[in-house]
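Take this structure, written in structure tokens, and hold onto it; I'll ask about it next.
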Amino acid sequence: MVKIQFSRGIDEKVIPEVRLTRSRSGDSGTATFIFKNPQILAQGSTEDITGMYLIDEEGEIVTREVKGKFINGKPEALEALHLMKSAAEWDRFMRFMERYAEQNDLEFNKSE
């Protein structure tokens, strides 16, 4: 089972928009996740956001770079940034994304 969590043990059901950038050398990159109206921000949720956890059969990828977006004082979105500092980290992240995409019927669109 492939899942994303913001608080350990609570799966996020909202599918994010994911934007990837990679250095020309291929040895670093970033992934920006944008979750519009995620469940963790739903009214009545008392869970603390402790990071973003990408979980699959290989283990866990963790980022603490999670920011909330608010409009008129109400939570609207979460944005999480994952930095990859080596080709191995990039490859590991891409394996996670392939599994996540397959499980959630997503597709990859390369920019021009």
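Below, each value reflects all heavy atoms present in this structure, side chains not excepted, and no hydrogens, waters or symmetry copies.
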Between L20 and A31, which heavy-atom pair has the shortest distance, and what is it?
CD2-CB, 3.5 Å
State, to 0.1 Å, how close G68 and L78 come at their nearest heavy-atom pair, and which atoms those are.
CA-CD2, 3.8 Å
Ring geometry between F33 and F35 (parallel below 30°, tilted from 30 to 60°, perpendicular above 60°)
parallel
Members sharing I55's hydrophobic cluster (side chains within less than 4.5 Å):
Y53, V62
With sequence neighbours excluded, tell me which residues meet side-chain contact (heavy atoms from CB on, under 4.5 Å) with T21.
T30
For the CZ atom on R19, are there more than 12 heavy atoms of other groups (residues, nucleotides or ligands in this structure) within a distance under 6.0 Å?
no
Excluding sequence neighbours, so at least two apart, what forms side-chain contact (heavy atoms from CB on, under 4.5 Å) with E47?
S7, I10, I40, S45
Check side-chain contact (heavy atoms from CB on, under 4.5 Å) between S28 and all other residues, then give those that pass, not counting sequence neighbours.
S23
Run the side-chain hydrogen bond (donor to acceptor under 3.5 Å, both in side chains) test against R99 and tell me which residues pass, sequence neighbours left out.
D56, E57, E58
Minimum heavy-atom separation for P16 to I4, with atom names?
CG-CD1, 4.3 Å
Can you name the side-chain hydrogen bond (donor to acceptor under 3.5 Å, both in side chains) partners of Y100, sequence neighbours left out?
none
Looking only at non-hydrogen atoms, find the nearest pair between E79 and T32 and report the distance.
CG-CG2, 3.9 Å
Mind checking the CD-NZ spacing from Q103 to K3? Nearest 0.5 Å is all I need.
9.5 Å
